[in-house]
Amino acid sequence: MTARIQIPAQAKPGEVIEIRVLIQHPMETGYRYDDAGKPIPRNTIRTLNCRYDGIEIFSAELGPGIGANPYLQFTTVARASGDVEFSWVDDEGVAGSERQRLVVA
Amino acid sequence: MERRVPGSEQMNWLRAALLAALISSCAVISSAEDRAIPLNQLRSGSEFLSPELRALQADAFANPGMLWVERGAKLWSTPAGSAGQSCASCHQDAAKTMRGVAASYPRVDAKSGFLLNVEARINQCRSERQAVAPFRYESDDLLSLTAYVNSFSKDYKINVVIDGNAETYFEAGRTLYYRRSGQMNLSCAQCHEENWGKNLYAERISQGHPNAYPAYRMEWQSMGSLERRLRACLSGVRAEMLPYGAQEYRNLALFLAWRAQGLPMESPGIRR
Amino acid sequence: MKHAFSRRGFLARTAGVLALPAFARLAQAQTPALAPALDPRVQAFARGALVRPGRVTLTLPSLADNGNSVPARIVVESPMSAADHVKAIRLISDRNPEPVMATFRLGPQSGRADIATRVRLAGSQRVTAVAECSDGTFWYDARSIVVTISACLDES
């Protein structure tokens, strides 16, 4: 699973920054059939959360209503330098994570 | 042009005028031969998209095709096979060595005489240089490496060789392009040459160019190759879908590339 | 030459296509469009509290040429202070087989209540974004969107 995080290279303390994340995942709805006519079981990312410098700043409960290879964008207040870390779990129990360092100065 | 025409001055003038007319009419014929669609009417598939999809393609972060490109970057330097060779072992930094390369594909491999697309070229390296099994068609690995290689041709204009040892492939591709097929009895040209720009239900028919591929298609919710797109068209006209890797797809791809020559490459493109 | 077409594959794909209208009926069988504030799916999120229009701006294109991935953005007017902020935002579809599309949890650390994502829509419908504020109030915005389907069948 490939995932991408976009945050500013550097931020000032107190600045509201934009965080973007894109995760490779089929977000299989459970309403499709394969070539042999068998239903394809649902497999979507269920929960996703974002921690910044160890503290949870955002979370999302997702499902088939979110498109394949989910994209999310939200904001946070830059406090101190630290990792912005995403982690997620899908219906099959597969967990993924990705992090990127935010420099606050 | 200096040409001595014997006879009187008046006759000379008349002959010159006739010759000029002949040359200009030849020029019209030859430019029609050179281009299926005049250069100033050439429209990339992205021009037929909604503004939202165009914006997504232009967004270098959110374009989901970039997930495959990123994976391809990792694969590029991952050793495979007992010799421990990676793509980078021979081709070093793709940002330098692959720049503009995909814009000249499909191209004939000088040694074997086969027409190769980028996918086949990658798999040729795998079997001949790395001594490992080729990637499966439409596998994430093959799509990723192809997308990675093609990403270094972004904005390069398509420019393929169609003469010499490519000519037979090109002519076969052209024949296929204008041949009706399927239960709908349609040729590629009937939609994408004679009727582009018109509406088919809610969508506008494109000119059918290959410059975005491998592309992320909303219909597929995934990345897919040009071959998959051609298969989709075949199924659309209710024709038999040829198996992946069929020679017909490559011939057609060469003709399509020539038809699109001058269009900038967009891979990883976004398409409906 | 070996061809990919098989009778079995065709039947299977046809079954898939035939299943589409059933899927659409399933979707339509749900509650017809009520005012968003009265929609039970909105009410379930508000746990009985009054859900008012305002403060929330949901941005969706009015027309999508494919329902598989449609950009959606939700912005809520809020100081996002410790005392007064948006706690959660829920996106509700009135036609998808699963009406709750996503729930986002945020807080004063967010700085702004401004979220963007890409949603999947099973046809033309109304999408509602409901925001829960720290003072216990609920606000919403709703947008209607037309989702077109492709003219060409794709069984690739």
Side-chain angles (χ1 to χ4, degrees), chain A residues 6 11-23 25-40 42 44-80 82 84, chain C residues 4 6 8-20 22-24 26-27 64 66-75 80-81 88-93 95-122 127 155-156:
Chain A
Q6 191 182 58
K12 293 185 180 68
E15 186 185 341
V16 178
I17 61 156
E18 202 170 75
I19 298 176
R20 307 169 89 195
V21 63
L22 180 69
I23 303 169
H25 195 285
M27 296 298 275
E28 193 59 59
T29 59
Y31 295 95
R32 298 203 303 171
Y33 296 83
D34 67 12
D35 271 0
K38 270 181 26 200
I40 304 171
R42 170 183 159 150
T44 72
I45 292 175
R46 285 269 178 178
T47 57
L48 172 140
N49 70 67
C50 177
R51 300 170 82 82
Y52 163 34
D53 203 20
I55 298 162
E56 182 168 299
I57 54 162
F58 176 87
S59 76
E61 290 142 45
L62 309 176
I66 295 296
N69 304 300
Y71 168 80
L72 274 172
Q73 177 187 318
F74 55 91
T75 56
T76 198
V77 182
R79 289 174 280 115
V84 172
Chain C
S6 71
R8 188 182 189 180
F10 173 76
L11 288 174
R13 282 188 293 270
T14 309
V17 171
L18 292 179
L20 274 176
F23 176 79
L26 179 76
N66 187 300
N68 285 332
S69 182
V70 181
R73 186 171 191 168
I74 313 110
V75 178
M80 292 307 272
S81 63
I89 295 169
R90 178 168 286 184
L91 275 177
I92 295 162
S93 148
R95 203 175 156 180
N96 282 8
E98 295 180 36
V100 177
M101 306 169 84
T103 309
F104 308 107
R105 304 200 185 276
L106 53 172
Q109 74 284 352
S110 301
R112 290 202 304 263
D114 180 353
I115 294 169
T117 187
R118 303 187 70 88
V119 296
R120 201 187 253 134
L121 300 170
V127 177
E155 294 170 4
S156 66

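Letters go in sequence order (proteins before strands), and every chain restarts at 1. Basis for what follows: all heavy atoms, side chains included, without hydrogens, waters or symmetry-related copies.
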Q) Is the Lys NZ or Arg CZ of A:R79 less than 6.0 Å from the centre of A:Y52's six-membered ring, within 45° of the axis? A) yes

Note: vs chain A, highest number of non-hydrogen pairs under 4.5 angstrom among C:R118, C:R105, C:M101 is C:R105

Turns out that what part of A:P64 lies under 4.5 Å from chain C's heavy atoms comes down to both

Evaluate the side-chain proximity of A:T75 to A:I17: yes if any heavy-atom separation is below 4.5 Å, no if none is. no

One should read off an interatomic distance between A:I66 CD1 and A:I23 CD1, to the nearest 0.5 angstrom, of 11.5 Å

*asked:* Do A:T44 and A:R46 pair up side chain to side chain, a donor and an acceptor below 3.5 Å, judged on atom types alone?
replied: no

Answer key: most heavy-atom pairs under 4.5 Å with chain C among A:R20, A:R32, A:M27 is A:M27

The interface call for C:P108 against chain A, heavy-atom contacts under 4.5 Å, is backbone

